[in-house]
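For reference, the structure is listed below as structure tokens.
Owing to the predicted nature of the structure, the values given are computational and were not obtained by experimental measurement.
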Amino acid sequence: MEDASAAEIAAVLERVGGRLKQLRARRRLTLTDVATATGISKSTMSRLESGQRRPTLELLLALSNVYRVPLDDLVAAPVQGDPRIRLKPSRVKGRTVIPLTQEPDGTQAWKIVIPASKAPPELRAHDGHEWIYVLSGHLRLILGDEESVLGPGEVAEFSTEVPHWFGSTGDEPAEILSIFGRPGERMNAGGTTPHA
């Protein structure tokens, strides 16, 4: 049993180098960029990525921080036994945010529970594209100068380069699915962005 476990660990560690190289390439970083950000020498990074050096926990923690991925994702350790995904909700500005995707790159999806409150809108803009589906309650959505209220089953799709904000109408909690794509990725639900 111990030999099988050691072999499994060795196999996981062998794949780490390729994942490190892939993550660095996706983030358009050079070995020098990563070395500067982590304090890990460029030659050590090169040996890690080529599989010539085994990663230590200290190196992996520094790299997971720079690549903005959980250590589990960086290592891609195999799931044992139970196929259920353990979703880890967090609180962000009073909202409960549950990540539904596990990959650090590409499209990200969340279930967001927004409490009933009259929070003042804080519009922001950033690169990307967002798609929102209202599961329950009513959602107040501001896109630029336009404001809408969406109910259950309604969908909004918009460029996040437009200053935007969404929150509760103040009357009841709202539950939504939010799907966010980085620049160059686009979702299409076959609908249009709602207008005020």
Pair Phe158, His129 - check ring pair (Phe, Tyr, Trp, His ring centres under 6.0 Å), show working.
CA-CA 6 Å; Phe158 54 93; His129 203 83; 7.4 Å; no
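Note that the CD atom of Glu122 and the NE2 atom of His164 stand 12.0 Å from one another [nearest 0.5 Å]. To the nearest 0.5 Å, the span separating CH2 on Trp165 from CD1 on Ile142 amounts to 5.5 Å.
Contact of the Thr160 side chain with the Asp127 side chain is not registered, since no non-hydrogen atoms from C-beta on lie closer than 4.5 Å. Considering only heavy atoms from C-beta on, Phe166 comes within 4.5 Å of Ile176 through its side chain. Counting heavy atoms from C-beta outward, Val97 and Arg91 have side chains that stay 4.5 Å or more apart. Contact of the Leu29 side chain with the Tyr67 side chain is registered, since non-hydrogen atoms from C-beta on lie closer than 4.5 Å. Under the 4.5 Å side-chain criterion, counting only non-hydrogen atoms from C-beta, Leu139 is not in contact with Thr169.
No donor-acceptor distance shorter than 3.5 angstrom exists from the side chain of Thr44 to the backbone of Ile40, with no hydrogens or angles considered. Thr38 places a side-chain N or O within 3.5 Å of a backbone atom of Val34 that can act as its donor or acceptor partner.
A pairwise comparison of heavy atoms in Arg24 and Leu31 identifies NE-CD2, 3.5 Å as the closest pair. Pro115 and Ser168 get closest at one heavy-atom pair: O-CB, 3.1 Å. Between Gly151 and Val134, the shortest heavy-atom distance links the atoms O-CB, 3.3 Å.
Between the side chains of Asp33 and Thr30, at least one donor N or O lies within less than 3.5 Å of an accepting N or O. Donor-acceptor pairing under 3.5 Å is recorded for the side chains of His138 and Glu172.
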